[in-house]
Structure formats: C-alpha cells, structure tokens
Asks: 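This is the structure I have questions about; it appears just below.
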Protein chains: 2
Amino acid sequence: MPSSTVENYLKAILHLQGEGRGSTTVGEISRELEVTPGTVTIMMRHLKARGLVAYEPRRGLSLKPRGVTEAMKVVRRHRLIEAFLVEVMGLDWSEVHEEAEILEHVISDRLLDRINEMLGEPTHDPHGDPIPDRNGVLAKDRAMPLLDAAAGRYRVVRVSDEDSALLEWLNEKGVRIGEEFEVSDPDRAAGVLELSRRGGKRVQLGLQVAGQVFVEAVA
Amino acid sequence: MPSSTVENYLKAILHLQGEGRGSTTVGEISRELEVTPGTVTIMMRHLKARGLVAYEPRRGLSLKPRGVTEAMKVVRRHRLIEAFLVEVMGLDWSEVHEEAEILEHVISDRLLDRINEMLGEPTHDPHGDPIPDRNGVLAKDRAMPLLDAAAGRYRVVRVSDEDSALLEWLNEKGVRIGEEFEVSDPDRAAGVLELSRRGGKRVQLGLQVAGQVFVEAVA
DNA sequence: ATCGATTGTTTGAGTCGTCAAGATAAGTTC
DNA sequence: GAACTTATCTTGACGACTCAAACAATCGAT
Ligand SMILES: [Mn+2]
Ligand SMILES: [Mn+2]
Ligand SMILES: [Mn+2]
Ligand SMILES: [Mn+2]
C-alpha cells in the first residue's frame, strides 16, 4: 500500500530516530534522502495525515507505531534480500546494498517467504545487521564501534553496509563478520588503529574507518 | 534509461505486432495495457519523439529497430526471471508471471547475468517461450495451436503464461511442456477436444483452452 | 453519397513526487 | 534585545502518467 517513496521515508526516519533521542528533524531527512527540505515538509504532512508519523511543524517528528511497523517490514525485506544475494546468488557483500535498496519495494510476500525458508530463517544479514522477525522485532546487539574499543581481543559483528569501497577493502584484508582480532589502542595522533590476528597479519585502519566497524569483546 | 512504463508499452507493441501484419494500433495497445486510448496516443507521440516507434496518426504504428532492441531486452529479463523463479526458487509456473512482470524492470544486469549462469543459459522459459539471447535474437518455434492440430501425436511445447488458473489446471492434468499426447479431432459441436496419453488417462479441453496450448507434431 | 458505428485524437484536469525561491520562525552572538 | 544565521515552511511550478469527455476521421453498408 505505501509507495516506494513513502517506504524510503519511513526507513530513513526509523534509521535517524533510532539512535538516541527517539526523534528526528526535517533537515536530517532531507540530507539522508538527498531531497530539499521543502519536499520533506510536504511529505511529513502527508505521513502525518496517514497516521504514520507524529509531526509538529518546527518541533521535529517521530514514527508512530504503525510507521515503525511499516518501516520494519522494509528493513526486513532489505536484509533478507541482501542475505539471499550473497548466500544464494553468490554476489559480494559490497555489491548487494544498492540492489536490495530497489528490490525491497517490489518483492512479493510469497517470494520473500521462499527466500527466508531457503536461507533457514537467518537472523543477520551479510553485514551483521539483525533481521527483524515477521512481527518486526529486532534482536538487539550490544556491539560497539571499533573506534571506542580499549585494547584487547574482539570479534567483528557488524559493518556499515553503505560504502561499497570500504566493504571491498575490508574483505580483501580479511576483516569479515565473525573474525577475531587483537586490537591496539588507537594512535590518535597518527589517526590509526591496528588489528592483528593469531596468524600475525596486521591491518592498519584509519579512525574514520574504525567508526564503521562494530565489535564485541571476546572472553 | 526507459522507465518501466515505457518498457511496458514497448513490450506490448512487440507482442501485438509480432503476429502477422507487423504493425499494431492504438486500440489494441489500449486494451492490452488497460489504459484509455487517449493515453496511448500521447505515449505514442512520446515514443516517436524518442525514435522508438514509427507512428502515423490514425494509420497504425510499429517498433523501429531501437524499439525492438529495447523490447527484446525486457522480454529476455522477463523470461529469465520466470525460469529462475521456477527452477531455483521453486515457485509454480502459474505464479511467476506477475512477479516477473515487476522484476523485469528493476533487476540489475549484474544479477541477471548471475541468473543466466546459474540456469546454464537456458533457451526457454517455464511456459516454453523462447528466451532472446544477449543480442535480442529469438529462436523461432514452429509450434501450432492445439486447436488447429489434426488428429495425431503431438508434444506440448508452449503454453500461454498469462492465465494462472489455466496453468494450475494444466499442471494438475499433467499437461506440461515436453509431454506427448494423442490428440483427437476437435468436436466442434461439443466445443471440446481430447488428449490421451500412453498410460490411457484422457483429458478433455475446451476449444478456448486449446487455443492457448501450442504443440509440435511428433514423428 | 450519406448515415451510423467504430476508432483515434484533443483538451482539461488530477495525482505523485520533486525543486526553486521567497517568507517566517528560532536560535546565537554581542 | 537587535542583528545575524540557520532551519523550516509556503508557494508556484514542472515532469510523468493517467482519465473523462468532447471532438474528428474513417469505414462499411446500405
Ligand atoms: Mn543494505
Ligand atoms: Mn546490510
Ligand atoms: Mn510471463
Ligand atoms: Mn513465460
């Protein structure tokens, strides 16, 4: 029922409000979706009229329950599709995001179910993002950015999926979901941080990059 | 580059002109796509301006070479997708047309190639329709409608893919691509025609239905 | 040839999503 | 608080696609 445009707005709002304050602004959406603020204002009126967002002009906005539900459905489709493209179709984790960005709006429920079965009801997508279940419930992860990790042993659990060059590079360096590394204290001056594995291979990461890689401490 | 709407018009024109006279009319397109004739007229002006069709008001129209090329690409995508949905995803041949109707406009070339490889460069879709090769060249089949077949032995080579109830019924009766049957002379009065196979099971088809099933004589 | 039916074209309007540019409300700084 | 800056809102417009309804051409059969 919602158009792909509406689905994209809902997903963007979910993403933006999802970190901390529980609400977002016209400006943030405008930057995220690369449309002008005026366009967003109009869409917010529309989404409010449809009962999907709580929006008070100039005061910010957030998803109402129905909006969250709809957004979660799209996220579920997106992540299942990414998993499918990697596991079944053999595409690289660096090239599935764009494709999923489109397919998420057009796949039938029937086909989505098939994908889900075929993959054995996966809980995470290829970048380590959790896949909402049929009711839109999301397993929470307590991963932290590699950037904030004290020196120690960590496992990579999640990577930002939007920068495909980064994904290619990480893959090449062996930094993949599930891999474990010894992490050095960041060298703030050099703007660098080092990972090393048992074998001994070392990888230098810029702090910028380290902000996109999420890890969990290992016992 | 062409929008999905334009792709659908090109595909419809290819389909309509493809049978005999090599051209089609505004009215036929209007019925095929279920839009008003006025809408078609406007789109034809647009397609003419883009060099995709030859259109003289009131005199009919046909695809120009570039239009054929574009249309063939869409047909190729449609049929490869249908094959994929049946072979790999395990959907029934009666439920893939609608899905392909949408996916044909959004699948990336990358993913289409993967599908093609995965299926081993198939030449026919699940309904027996030939799949254009990368250059848009179509293997021609010389199948005839079952309706026009004299009594004798025939193999089913193609079935119209648009009526999903028909496809379900055919499947249930064992009338599948590649199956061979003994065909009776049509009983025009009763409006019925009979297929029987070695085993002995008989199937009665209405002449209407027999027009949708295409066969090839067996030696 | 003329009437009537059929087919195609024109025109005016609507929806959706978008932008540009001007107006206004809220900060921020002194 | 006055002045400046930034965020947001409003308005008018446009591109794609569509419909309804009025109009025009064509066909075909007397
Ligand atoms: Mn993604
Ligand atoms: Mn992902
Ligand atoms: Mn089909
Ligand atoms: Mn088919």
Side-chain angles (χ1 to χ4, degrees), chain A residues 1-14 16-17 19-63 67 70-71 74 101-102 104-106, chain B residues 1-13 15-17 19-63 67 70-71 74 101-102 104-106:
Chain A
M1 190 141 4
S3 66
S4 0
T5 307
V6 165
E7 288 187 342
N8 281 331
Y9 274 93
L10 294 175
K11 208 172 49 145
I13 298 169
L14 181 67
L16 291 167
Q17 77 173 20
E19 322 182 325
R21 65 208 170 313
S23 73
T24 185
T25 65
V26 165
E28 287 184 319
I29 299 170
S30 148
R31 283 185 294 276
E32 172 100 354
L33 297 181
E34 301 183 276
V35 294
T36 62
T39 300
V40 176
T41 296
I42 286 171
M43 183 55 84
M44 290 313 109
R45 281 212 290 259
H46 180 213
L47 295 182
K48 178 179 184 179
R50 304 233 277 160
L52 297 168
V53 306
Y55 164 59
E56 289 306 324
R58 293 199 143 92
R59 226 179 275 304
L61 58 106
S62 59
L63 291 177
E70 288 303 321
V74 184
E101 208 53 59
I102 294 172
E104 66 189 4
H105 307 294
V106 302
Chain B
M1 190 139 5
S3 67
S4 0
T5 307
V6 165
E7 289 188 342
N8 282 333
Y9 276 92
L10 294 176
K11 207 172 49 145
I13 298 169
H15 175 226
L16 292 167
Q17 77 173 19
E19 323 182 325
R21 65 207 171 311
S23 73
T24 185
T25 65
V26 165
E28 287 183 319
I29 298 169
S30 148
R31 282 185 295 277
E32 172 99 355
L33 297 181
E34 301 183 274
V35 294
T36 62
T39 300
V40 176
T41 296
I42 287 171
M43 182 56 85
M44 290 313 108
R45 281 213 290 261
H46 180 214
L47 295 183
K48 178 179 185 180
R50 305 231 284 168
L52 297 167
V53 306
Y55 163 59
E56 290 306 322
R58 295 202 140 88
R59 224 178 275 304
L61 58 107
S62 59
L63 291 177
E70 288 303 323
V74 183
E101 209 52 59
I102 294 173
E104 66 188 5
H105 307 293
V106 301

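For clarity, every value in this text was computed on a predicted model and none was experimentally measured. Sequence lines set the chain letters: A, B, ... in the order given, protein chains first and strands last, and positions in each chain run from 1.
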Asks: Contact between B/Gln17 and B/Leu61 at the side-chain level, heavy atoms closer than 4.5 Å - yes or no?
Replies: no
Asks: Side chains of A/Tyr55 and A/Ile13: does their closest heavy-atom pair fall under 4.5 Å?
Replies: no
Asks: Calculate the interatomic distance between A/Arg45 atom CZ and D/dT10 atom P; express it in whole Å.
Replies: 5 Å
Asks: Counting the atoms with a prime plus P, OP1 and OP2 as sugar-phosphate, which does A/Thr25 contact under 4.0 Å by heavy atoms, base, sugar-phosphate, or nothing?
Replies: sugar-phosphate
Asks: Using the rule given for side-chain contact (heavy atoms from CB on, under 4.5 Å), can you reason through B/Leu47 versus B/Leu10, listing the C-alpha separation, both sets of side-chain angles and the distance that settles it, and then say yes or no?
Replies: CA-CA 9 Å; B/Leu47 295 183; B/Leu10 294 176; 4.2 Å; yes
Asks: Measuring only between side-chain heavy atoms, which start at C-beta, is B/Ser3 closer than 4.5 Å to B/Val6?
Replies: yes
Asks: Looking at B/Glu56 and B/Arg45, is there a salt bridge between them, counting it only when a charged N and a carboxylate O are closer than 4.0 Å?
Replies: no
Asks: Categorize B/Pro57 for me: base, sugar-phosphate, or nothing, with a 4.0 angstrom heavy-atom threshold over every strand shown.
Replies: sugar-phosphate
Asks: Give the rounded distance in Å between these two atoms: CD of A/Glu56 and C1' of C/dA26.
Replies: 16 Å
Asks: Evaluate the side-chain proximity of A/His46 to A/Leu52: yes if any heavy-atom separation is below 4.5 Å, no if none is.
Replies: no
Asks: Does A/Glu104 come within less than 4.0 Å of A/Lys11, counting only side-chain N to carboxylate O?
Replies: yes
Asks: Check whether any side-chain nitrogen or oxygen of B/Tyr55 sits under 4.0 Å from OP1 or OP2 of C/dG8, and answer yes or no.
Replies: no
Asks: Going by the rule side chain to side chain contact (heavy atoms under 4.5 Å, CB included), which residues pair with B/Ser4 if we only count those two or more places apart in sequence or in a different chain?
Replies: B/His105
Asks: In whole Å, what is the span from the CZ atom of A/Arg31 to the P atom of D/dT6?
Replies: 13 Å
Asks: Which letters describe nucleotides 14-22 of chain C, given B = protein heavy atom under 4.0 Å from base, S = only from sugar-phosphate, - = neither?
Replies: ---SSB---
Asks: Write down the protein N/O and nucleotide N/O pairs, taken from nucleotides 22-27 of chain D, whose separation is under 3.5 Å; answer none if there are no such pairs.
Replies:
from   : atom 1 : to      : atom 2 : distance (Å)
D/dA24 : N3     : B/Arg58 : NH2    : 3.1

